[in-house]
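The structure under discussion appears below in the form of structure tokens.
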Amino acid sequence: MEYRPLGRTGWQVSAIGFGAWAIGGDAWGPTDDREALAALHRAIDLGVNFIDTADVYGDGHSEQLIARVRKERREPLYVATKAGRRLSPHTADGYNRQNLTAFVERSLRNLETETIDLLQLHCPPTEVYDRPEVFGILDDLVQQGKIRYYGVSVEKVEEALKAIRYPNVQSVQIIFNIFRHKPAEQFFAVAQERQVGIIVRVPLASGLLSGKLRRDSQFASNDHRHYNRHGEAFDQGETFSGVDYEIGLQAVDELRPLVPAGMTMAQFALRWILMFSQVSTVIPGAKNPQQAEENSRAAELPPLSEETMQRVRELYEQRIKPLVHDRW
């Protein structure tokens, strides 16, 4: 496993982390807790030390599973969670002291810990980034010892750039993958200059870049790929990275010849992200040990060639950029 600095935290985090949304059991189809726990253990066996979750993943169930695993391991683990999406309606006014404190205290109970390693605002409305008082509340929670560091999870590059104006924002979690290049073009250099950690989410475009989906793939009714393709239930641009499903499948078919021998398509997509040195960690999801191992092994694979990187770029420019670039 490769380790990289997470901003100014002093942490060295695994280049491949563990995204714990799927194991919550409420948005990625059926799950099995035994398999989920085994997936977490296998990832840790392979050197993963960064786990990302949120208070709404399975209404806290994901956090609770992580607490169980933490008790069973001696390795130091960094656990990041998120707050804000429990709000209904999800408005900027809801990001107040009372609500944020309550969310943090609930996560502390779920994670069975006294201090949250990293708390991230969970894709708040854009207006939140123009409210310094919100970040003042987070500073107070740090002073109180309830959180160690804080960052943000964003939908748009514009929001990422606004967030890092605040001096104590330690990390930005953002969608970045073969189908979403804009962060590398407009954000990564600024983040590096300000020593802000970059956590990459949706690295496989909700499974499109795993190479395992087909035109006739069916998704369970409680799988967001079934009910949120166009942002019907929550944020637009989240499911399949906002790429039309059919176009995404066609692009994946064009990518297949670029995958080096010995790599799966998913590993290729993860290794592509790791070619960007500004990235601190990538957080693909895993519902079973096999997926956790496939993801984790991506950090051990050799770098991609300049020619391969250029061909990926050309495919993005031709196929994907005209459809999504200006939206997020």
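For this chain, numbers begin at 1 and follow the sequence in order. Just so we're clear, the structure is a prediction, and the values are computed from it rather than from any experiment.
Residue pairs that meet the salt bridge (charged side-chain N to carboxylate O under 4.0 Å, His left out) test with at least one member in residues 167-190, sequence neighbours left out, are Glu185-Arg313. Within the structure, salt bridge (charged side-chain N to carboxylate O under 4.0 Å, His left out) pairs that include any residue of residues 3-25 comprise Glu2-Arg4 (at least two apart or interchain). Applying the ring pair (Phe, Tyr, Trp, His ring centres under 6.0 Å) test to every pair with at least one member in residues 186-212, sequence neighbours left out, gives these pairs: Phe176-Phe188. Here salt bridge (charged side-chain N to carboxylate O under 4.0 Å, His left out) pairs that include residues 255-270, with residues two or more places apart or in two chains, are Asp253-Arg256. Here salt bridge (charged side-chain N to carboxylate O under 4.0 Å, His left out) pairs that include residues 276-292, with residues two or more places apart or in two chains, number zero. Residue pairs meeting the ring pair (Phe, Tyr, Trp, His ring centres under 6.0 Å) criterion with at least one member in residues 91-118, sequence neighbours excluded: His90-Tyr95.
The pair Lys146-Asp140 fails the salt-bridge criterion, with no side-chain N (NZ, NE, NH1 or NH2) lying under 4.0 Å from an Asp/Glu carboxylate O. Here Glu112 pairs with Lys71 in a salt bridge; the nearest charged N to carboxylate O distance falls below 4.0 Å. Residues Asp55 and Arg109 are not paired through a salt bridge, judged by the lack of any N-O separation under 4.0 Å between the basic side chain and the carboxylate. Remark: Glu294 does not engage Arg42 in a salt bridge, criterion side-chain N to carboxylate O under 4.0 Å. A salt bridge does not link Arg68 to Glu72: none of the charged side-chain nitrogens sits closer than 4.0 Å to a carboxylate oxygen.
For the pair Gln170 and Thr9, the minimum side-chain heavy-atom distance is below 4.5 Å. The shortest distance between side-chain heavy atoms of Arg73 and Asp45 falls below 4.5 Å. Residues Cys123 and Lys82 have side chains not in contact (no heavy-atom distance under 4.5 Å, counting atoms from C-beta outward).
Side-chain atoms of Asp52 and Gln173 include a donor-acceptor pair closer than 3.5 Å. For the 3.5 Å distance criterion, the side chains of His224 and Thr239 qualify, holding a donor opposite an acceptor. Using modelled atom types, one finds a donor on one side chain and an acceptor on the other under 3.5 Å when comparing Thr126 with Glu159. Arg319 and Gln250 form a side-chain donor-acceptor contact under 3.5 Å, judged by distance and modelled atom types alone.
Centroid-to-centroid, the aromatic rings of Trp11 and Tyr149 come within less than 6.0 Å. In this structure, Tyr78 has its ring center no closer than 6.0 Å to that of Phe50.
From Lys156, atom NZ reaches atom CD1 of Ile175 across 12.0 Å, with rounding to the nearest 0.5 Å. Here the straight-line distance linking atom CG of Leu111 with atom CG of Leu65 works out to 11.0 Å at 0.5 Å rounding. For the atom pair CG of Leu6 and CD1 of Ile199, the computed distance is 5.5 Å after rounding to the nearest 0.5 Å. The line from CD of Gln144 to CD1 of Ile147 is 9.0 Å long, rounded to the nearest 0.5 Å. Atoms CG and CG, from Leu209 and Leu204 in turn, are 6.5 Å apart once rounded to the nearest 0.5 Å. Taking CG of Asn288 as the reference point, atom OG1 of Thr31 lies at 11.5 Å (rounded to 0.5 Å).
Not a single ring-ring contact (aromatic ring centres under 6.0 Å, His included) links Tyr3 to another residue, sequence neighbours left out. The ring-ring contact (aromatic ring centres under 6.0 Å, His included) search around His181 returns Trp272, Tyr316, not counting sequence neighbours. Every residue was checked against the side-chain hydrogen bond (donor to acceptor under 3.5 Å, both in side chains) condition with Arg327, not counting sequence neighbours, and none meets it. Every residue two or more places apart in sequence or in another chain that forms a side-chain hydrogen bond (donor to acceptor under 3.5 Å, both in side chains) with Gln64 is listed here: Asn110. Not a single side-chain hydrogen bond (donor to acceptor under 3.5 Å, both in side chains) links Asn222 to another residue, sequence neighbours left out. Every residue was checked against the side-chain hydrogen bond (donor to acceptor under 3.5 Å, both in side chains) condition with Glu35, not counting sequence neighbours, and none meets it.
Under a 3.5 Å cut-off, the side chain of Arg297 and the backbone N or O of Ala292 do not form any donor-acceptor pair.
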Step by step, work out the side-chain contact (heavy atoms from CB on, under 4.5 Å) result for Met265 and Ser210. CA-CA 5 Å; Met265 174 66 78; Ser210 72; 5.9 Å; no
Worked check of side chain to side chain donor-acceptor pair (under 3.5 Å) between Thr81 and Thr53: CA-CA 5 Å; Thr81 192; Thr53 185; 4.9 Å; no
Going through the distances and angles, do Arg131 and Glu127 end up as a salt bridge (charged side-chain N to carboxylate O under 4.0 Å, His left out)? CA-CA 7 Å; Arg131 298 189 180 193; Glu127 309 92 88; 5.7 Å; no
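More than 12 heavy atoms of other residues, nucleotides or ligands sit less than 6.0 Å from atom CD of Glu246. The environment of Glu306 atom CD is sparse: at most 12 non-hydrogen atoms of other residues, nucleotides or ligands sit within 6.0 angstrom. More than 12 heavy-atom neighbours from other residues, nucleotides or ligands sit within 6.0 angstrom of CD on Glu133. The neighbour count for Gln98 CD, taken as heavy atoms of other residues, nucleotides or ligands under 6.0 Å away, does not exceed 12. Heavy atoms from other residues, nucleotides or ligands lying under 6.0 Å from CZ of Arg215 number more than 12.
Of the candidates Val190, Val196, Ile198, Ile198 is the only one forming a side chain to side chain contact (heavy atoms under 4.5 Å, CB included) with Gln278.
No continuous path of hydrophobic side-chain contacts links Leu301 to Leu46 [ILVMFWY only; heavy atoms under 4.5 Å].
Taking the six-membered ring where tryptophan is involved, the planes of Phe219 and Tyr245 are perpendicular, since the angle between them exceeds 60° and thus also 30°.
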